[in-house]
*Asks:* 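Okay, here's the structure, questions in a sec.
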Amino acid sequence: MTFNYWRRGGYSIGSEDYRWQVVRSKVNNRFVFFIFNILFISLTQSLLLLLITAPTYNFLLLSRLSDHKSFEVPDLVFSRVAFFFIIIEYFADQQQWNFQTAKHNYQQTARIPDQYKGRYEPEDLERGFVVSGLWSLSRHPNFLCEQAIWLTLYLWNCYRTESYVQWTGIGVLGLLLIFQGSVRLTESISAGKYPEYKEYQARVGRFIPRLSVKPKYKSSKKKARKAVTEQPEESEQTTHEADKKSQ
């Protein structure tokens, strides 16, 4: 996530997440937003980053004990699971990056870049958001993996300390709650920007893949297209009945 945020220019001076503009537009009172900035953006988020590392701090303390357990098979499993989610998150971010790069080039030149030909069609780029690869299974595969990484570290810590409910889970719980609110805001922006996003929401799970991908939402365009395709059949049937009557 840090790498992806960096290559998008997130750490450059004056840069900010596009969602803050939406939040500011809804909070008309500058003083209220100032308080929100101090309490949540500056304080709560920094504290959260500290708390989510608490489970790994326990690993450091355990390593200093003379009677601590050696690296065992369950430790290997936990470490590989965390590494698996890191790899999947990287590929999810990369797929999003490739799509957005191709889309921006297509918007400027009306041509698909050579390196993306065969991967995307004009209708994909005109849709505005990626629905292929990992994004066909989850609407936010990168966010899913980010949460799973820290949850895995917490569970690993619980196994090591033999205590399955502890204060070190506060950071993970806070992270999960923030992702819920953040994703709701992100999707409300996307649904207002892209006409087909609601259908995408109906077909694909927010985080966990759905067993059925049958769309629950049908856009007005599809209804209109369906009506157009059905009309010739009705007119043909009417003509056939008229012919029978004339005979």
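Position 1 is the first residue of the sequence; numbering continues from there.
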*Asks:* With a cut-off of 6.0 Å (strictly less than), are more than 12 heavy atoms of other residues, nucleotides or ligands near CZ of R30?
*Replies:*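 No.
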*Asks:* Between L48 and L151, is there shared hydrophobic-cluster membership here, with clusters defined by ILVMFWY side-chain heavy atoms closer than 4.5 Å?
*Replies:*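 They do share one cluster, since a chain of ILVMFWY contacts under 4.5 Å joins L48 to L151.
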*Asks:* Show your working on side chain to side chain donor-acceptor pair (under 3.5 Å) between T168 and N58 and close with a plain yes or no.
*Replies:* CA-CA 9 Å; T168 56; N58 272 350; 4.5 Å; no
*Asks:* Quick one, I88 with L134, criterion side-chain contact (heavy atoms from CB on, under 4.5 Å). Give me CA distance, side-chain angles, the key distance, then yes/no.
*Replies:* CA-CA 9 Å; I88 296 300; L134 294 170; 4.0 Å; yes
*Asks:* Going from NZ on K103 to CG on L125, what distance comes out if it is rounded to the nearest 0.5 angstrom?
*Replies:*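 So the NZ of K103 and the CG of L125 are separated by 9.0 Å.
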*Asks:* Using the six-membered ring wherever Trp is involved, compare the ring planes of W156 and F71 and label them parallel, tilted or perpendicular (cut-offs 30° and 60°).
*Replies:*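 Correct class here is perpendicular.
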*Asks:* F91 vs I87, test: side-chain contact (heavy atoms from CB on, under 4.5 Å). Steps then yes/no.
*Replies:* CA-CA 6 Å; F91 280 108; I87 295 299; 3.5 Å; yes
*Asks:* Please round to the nearest 0.5 Å and tell me the distance separating atom NZ of K198 and atom OG of S190.
*Replies:*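 The OG atom of S190 is 12.5 Å from NZ of K198, to the nearest 0.5 Å.
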*Asks:* Kindly check if the number of other-residue, nucleotide or ligand heavy atoms within 6.0 Å of CZ (F34) is above 12?
*Replies:*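 Counting other residues, nucleotides and ligands, CZ of F34 stays at 12 neighbours or fewer.
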*Asks:* Each residue besides L60 in its hydrophobic cluster should be listed here, by chain and number; the cluster joins Ile, Leu, Val, Met, Phe, Trp and Tyr at side-chain heavy-atom distances under 4.5 Å.
*Replies:*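 Grouped by the 4.5 Å side-chain rule, Y57, L61 form the rest of the cluster around L60.
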*Asks:* Scan side-chain atoms only and decide if Q94 and N98 contain a donor-acceptor pair under the 3.5 Å cut-off.
*Replies:*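 Q94 vs N98: donor-acceptor pair found between side chains.
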*Asks:* Between F36 and F40, how do the two ring planes meet: parallel, tilted or perpendicular, split at 30° and 60°?
*Replies:*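 Ring orientation of F36 relative to F40: parallel.
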*Asks:* With a 3.5 Å cut-off and no angle check, do the side chains of Q95 and S132 form a donor-acceptor pair?
*Replies:*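 No.
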*Asks:* Give a yes or no on whether L175 and L49 share a hydrophobic cluster (residues Ile, Leu, Val, Met, Phe, Trp, Tyr; joining criterion: side-chain heavy atoms under 4.5 Å apart).
*Replies:*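 L175 and L49: one cluster.
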*Asks:* Is I35 linked to I38 within one hydrophobic cluster, defined over Ile, Leu, Val, Met, Phe, Trp and Tyr using a side-chain heavy-atom separation of less than 4.5 Å?
*Replies:*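 Yes, because I35 and I38 connect within a single hydrophobic cluster, where side-chain heavy atoms sit under 4.5 Å apart.
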*Asks:* According to a hydrophobic-cluster definition based on side-chain heavy atoms being under 4.5 Å apart (Ile, Leu, Val, Met, Phe, Trp, Tyr only), do L39 and L50 belong together?
*Replies:*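 Cluster IDs for L39 and L50 differ.
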*Asks:* Taking the side chain as everything from C-beta on, heavy atoms only, tell me whether V204 gets closer than 4.5 Å to S136.
*Replies:*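 Heavy-atom side-chain distance check fails, nothing below 4.5 Å.
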*Asks:* Quick one, L153 and T56 - any side-chain contact, counting heavy atoms below 4.5 Å?
*Replies:*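 Yes, side chains in contact.
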*Asks:* Which hydrophobic side chains are connected to L43, either touching it within the sub-4.5 Å cutoff or through other members that do?
*Replies:*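 Under the 4.5 Å side-chain rule, L43 groups with nothing.
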*Asks:* Look only at the side chain of S188 and the backbone of L185, and say whether a donor-acceptor pair between them is shorter than 3.5 Å.
*Replies:*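 Yes.
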*Asks:* Determine whether E146 and F179 make a side-chain contact, defined as any pair of heavy atoms from C-beta on separated by less than 4.5 Å.
*Replies:*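 Contact flag for E146/F179 side chains = yes.
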*Asks:* Is it true that a side-chain atom of N105 and a backbone atom of T101 form a donor plus acceptor pair closer than 3.5 Å?
*Replies:*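 Such a contact is found between N105 side chain and T101 backbone.
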*Asks:* Closest heavy-atom contact between Y159 and P74?
*Replies:*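 Closest approach of Y159 to P74, heavy atoms only: OH-CG, 3.3 Å.
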*Asks:* Using atom types as modelled and distance alone, determine if a side-chain donor or acceptor of S163 lies under 3.5 Å from a backbone N or O of C158.
*Replies:*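 Judged by distance alone, no pair lies under 3.5 Å.
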*Asks:* I need the L176 CG to F143 CZ distance, nearest 0.5 Å.
*Replies:*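 Interatomic distance, L176 CG to F143 CZ, rounded to 0.5 Å: 13.5 Å.
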*Asks:* Answer yes or no: are there more than 12 heavy-atom neighbours, outside F59 itself, under 6.0 Å from its atom CZ?
*Replies:*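 More than 12 within 6.0 Å, yes.
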*Asks:* Between F207 and L144, what is the shortest heavy-atom contact and its length?
*Replies:*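 Closest approach of F207 to L144: O-CD2, 3.3 Å.
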*Asks:* Tell me the closest heavy-atom pair linking A92 and W135, and the distance in Å.
*Replies:*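 Heavy atoms of A92 and W135 come nearest at O-NE1, 3.1 Å.
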*Asks:* When rounded to the nearest 0.5 angstrom, what distance separates CD in Q201 from CZ in R203?
*Replies:*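 Going from CD on Q201 over to CZ on R203, the span is 13.5 Å.
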*Asks:* Shortest non-hydrogen contact from P141 to R139?
*Replies:*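 So the two residues come closest at CD-C, 3.6 Å.
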*Asks:* Which is it for R7 and D93 under the side-chain contact (heavy atoms from CB on, under 4.5 Å) test, yes or no, and what are the steps along the way?
*Replies:* CA-CA 11 Å; R7 67 177 174 179; D93 283 333; 4.2 Å; yes
*Asks:* Could you see if L137 belongs to whatever hydrophobic cluster contains I86? Use Ile, Leu, Val, Met, Phe, Trp, Tyr and a side-chain cutoff under 4.5 Å.
*Replies:*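 Result: no, two separate clusters.
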*Asks:* According to the interplanar angle, ranging from 0 to 90°, do the rings of F129 and Y197 count as parallel (below 30°), tilted (30 to 60°) or perpendicular (above 60°)?
*Replies:*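 Answer is perpendicular, since the angle exceeds 60°.
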*Asks:* Could you check whether E126 and Y106, counting side-chain N and O atoms only, form a donor-acceptor pair closer than 3.5 Å?
*Replies:*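 Judged by distance alone, the side chains do pair up.
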*Asks:* Which heavy atom of V172 sits nearest to which heavy atom of W150, and what is that distance?
*Replies:*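 What the structure gives for the nearest pair is CG2-O, 3.7 Å.
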*Asks:* Identify the two heavy atoms, one from A202 and one from R210, that lie closest to each other, and give their separation to 0.1 Å.
*Replies:*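 Shortest heavy-atom contact: O-NH1, 2.7 Å.
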*Asks:* What's the separation between atom CZ in F83 and atom CD1 in I149, rounded to the nearest 0.5 Å?
*Replies:*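 Between atom CZ of F83 and atom CD1 of I149 there are 10.5 Å.
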*Asks:* Set out, in order, the CA-CA distance, both residues' side-chain angles and the distance that settles side-chain contact (heavy atoms from CB on, under 4.5 Å) for E196 and V131, then state yes or no.
*Replies:* CA-CA 11 Å; E196 297 182 50; V131 297; over 6 Å; no
*Asks:* Nearest 0.5 Å, what's the CD-CD distance between Q147 and Q180?
*Replies:*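 Between atom CD of Q147 and atom CD of Q180 there are 6.0 Å.
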*Asks:* Check whether any side-chain N or O of S182 sits under 3.5 Å from a backbone N or O of I178 as a donor-acceptor pair, and report yes or no.
*Replies:*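 A pair under 3.5 Å: no.
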*Asks:* Taking D75 first and then R160, would you say they form a salt bridge - that is, a charged N and a carboxylate O separated by under 4.0 Å?
*Replies:*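 So D75 pairs with R160 through a salt bridge.
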